[in-house]
Every structure is written in C-alpha cells, then in structure tokens.
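Shown next, in structure tokens, is the structure this report addresses.
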Amino acid sequence: LGEVLTPEAHAALLPHLQHPLFEAMMNYLNAHQGSLISAFSVYSTALFLLLSLRLNTAIKYYTDGVTAFSDVCAQISCLTHLTQLYFTD
C-alpha cells in the first residue's frame, strides 16, 4: 500500500490493518465474494426497479396534470369566446 497511498493516509490506515480480525475478515470476503456480489446485484436491481417505477409514476402524474391543465385552458378559452359572442349579439 505504500506506493499507492500517501504516508499520511498509510499512517491513518495502519491501526485498522493491524486489527486482529482484519485477516479473518479479508478471508471471509475472499471466500464469499460470489455470494456477496450476487446479493448486492439483487439489491441494486430491486433499487433500480423501484426508482424507475416511481419515475414512471411521476411522469404519468405529470402528463396527466398537463392534460388536465390544457383541458381547463381550452374550456376557459371556449367560455371566453362564448361570453364575447353573448355580449356582442
């Protein structure tokens, strides 16, 4: 790690690297990395689907709101034209 890290970062990490359970933790990660990767990929896929469904729902609400707003604007325009016709006749 000395050639990758600065001396200050190496000094800050050294107590953690000398922890008595550090080697056991690294062995566990090496032995179970396939399981961990598959679990995290399932979680990331679920998170992606959850966010994309919420995004799709938000887009649907937005387009519904735009449609409702344009309908209201069209009705107001029609009412304005009818009012002008009523007062000019």
Spatial distance of atom [atom1] ([X]) from atom [atom2] ([Y]) [nearest 0.5 Å]:
X     : Y     : atom1 : atom2 : value
Thr80 : Leu85 : OG1   : CG    : 11.0 Å
Leu55 : Ile59 : CG    : CD1   : 4.0 Å
Thr45 : Phe40 : OG1   : CZ    : 13.0 Å
Leu47 : Ser52 : CG    : OG    : 9.5 Å
Leu5  : Leu14 : CG    : CG    : 11.0 Å
Leu13 : Glu8  : CG    : CD    : 12.0 Å

List the steps, then state whether side-chain contact (heavy atoms from CB on, under 4.5 Å) holds for Phe22 with Met26. CA-CA 6 Å; Phe22 181 75; Met26 292 307 295; 3.8 Å; yes
Residue pair Glu23, Asn27: steps toward the side-chain contact (heavy atoms from CB on, under 4.5 Å) verdict: CA-CA 6 Å; Glu23 185 176 349; Asn27 290 335; 3.8 Å; yes
Who are the ring-ring contact (aromatic ring centres under 6.0 Å, His included) partners of Tyr28, not counting sequence neighbours? His32
Could you go through the side-chain contact (heavy atoms from CB on, under 4.5 Å) check for His81 and Gln84 one step at a time? CA-CA 5 Å; His81 291 300; Gln84 287 175 348; 3.9 Å; yes
Assigning hydrophobic clusters by single linkage (Ile, Leu, Val, Met, Phe, Trp, Tyr; side-chain heavy-atom cutoff under 4.5 Å), is Leu36 placed with Met25?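 Same hydrophobic cluster.
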Checking the side chain of Ser41 only, and the main-chain atoms of Ser38 only, is there a donor and an acceptor separated by less than 3.5 Å?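 At least one qualifying donor-acceptor pair exists.
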